[in-house]
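What follows is one structure encoded as C-alpha cells, with my remarks underneath.
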Amino acid sequence: MTELVKVAFLGIAGVLLAVQFRGSKAEYASYIGLAVSILIFFFSIRQVEAVTAQFSRIREYLGEAEEYLTILLRVVGITYICEFSSDICRDAGYQSVAGQIEILGKLTVMFAGLPVLFAVIEQIQSFL
C-alpha cells in the first residue's frame, strides 16, 4: 500500500512539474513525463516480481497445464508494454504511432493466446 502511495505522489509531482514547463519549454515537459513514466515502470516491475513469486505456488497445482499460466503472464506483459509505450507516444502528440502500437499489441495478444484456443478445440474434439 505504501508503494502505491509513493507512486501516486511521484506521478502527481511529475505531472505538476511538467505542467510548469509545458508553456515555455514543451520538450522539457515531455522529458519529465518520460522520466516519471520510467520510474513508475520500475516500481511496477518490482510488483510484478512479487506476483510472479506467487504464481510459482499456483504452478504446483496446475501440473502439466502450467503453460497456460505462462501464456497469461506473457499476455499481461504484452498489454502493459504496449499501453506504456502508446501512452508515451500519445503524450508526445503522435496519436497515429500510438494507435499502431496498440494494434500490434492486440495482434500479439491474439497470437500468444492461440495455444489456449487450440487446447479448447482439442478438448471439444475429444468429446465428439
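Note that the coordinates shown come from a computational prediction; the quantities given were computed from them, not determined experimentally.
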Grab the two heavy atoms, one from Cys89 and one from Val97, that are nearest each other, plus how far apart they are.
SG-CG1, 3.8 Å
Please test Arg90 against Glu102 for side-chain contact (heavy atoms from CB on, under 4.5 Å), starting from the C-alpha separation and ending with a verdict.
CA-CA 11 Å; Arg90 191 170 284 112; Glu102 290 172 355; 3.0 Å; yes
Within one Ile-Leu-Val-Met-Phe-Trp-Tyr cluster: Phe84 and Phe42, side-chain cutoff 4.5 Å
yes
Closest heavy-atom pair and its distance - Gly14, Val36
CA-CG2, 3.6 Å
Do other residues, nucleotides or ligands put more than 12 heavy atoms under 6.0 Å from Gln95 CD?
yes
Which distance, rounded to the nearest 0.5 Å, do you find between the CG of Leu69 and the CG of Leu73?
5.0 Å
Heavy-atom closest pair (Cys82 atom, Gly105 atom, distance to 0.1 Å) is SG-CA, 3.3 Å
State yes or no: do Phe41 and Val7 share one hydrophobic cluster built from I, L, V, M, F, W and Y residues joined by side-chain heavy-atom distances below 4.5 Å, directly or via other members?
no
For Tyr80, what residues pass the side-chain hydrogen bond (donor to acceptor under 3.5 Å, both in side chains) criterion, not counting sequence neighbours?
Ser44
Nearest 0.5 Å, what's the CD1-CG distance between Ile78 and Leu107?
11.0 Å
What is the distance from atom CG of Leu10 to atom OG of Ser37, rounded to the nearest 0.5 Å?
9.5 Å
Can you get from Phe111 to Ile121 by hopping between Ile, Leu, Val, Met, Phe, Trp and Tyr side chains that sit under 4.5 Å apart?
yes
Measuring from Ser85:OG to Leu104:CG, what's the distance to the nearest 0.5 Å?
9.0 Å
Output for pair (Leu17 CG, Ile32 CD1), nearest 0.5 Å, gives 4.0 Å
Give a yes or no on whether a salt bridge exists between Glu67 and Arg74, defined as a side-chain N under 4.0 angstrom from a carboxylate O.
no
For Tyr28, look at atom OH and say whether over 12 heavy atoms of other residues, nucleotides or ligands are found less than 6.0 Å away.
no
Any link between Val75 and Met110 through a network of hydrophobic side chains (Ile, Leu, Val, Met, Phe, Trp, Tyr) touching at under 4.5 Å?
no
Hey, what do you get for CD1 (Ile45) to CD1 (Ile40), rounding to the nearest 0.5 Å?
13.0 Å
Where do Ala112 and Ile71 come nearest, in terms of heavy atoms and distance?
O-CG2, 3.5 Å
For the OH atom on Tyr94, are there more than 12 heavy atoms of other groups (residues, nucleotides or ligands in this structure) within a distance under 6.0 Å?
no
Please determine whether residues Tyr31 and Phe21 belong to a single hydrophobic cluster, defined as Ile, Leu, Val, Met, Phe, Trp and Tyr linked transitively by side-chain heavy-atom distances below 4.5 Å.
yes
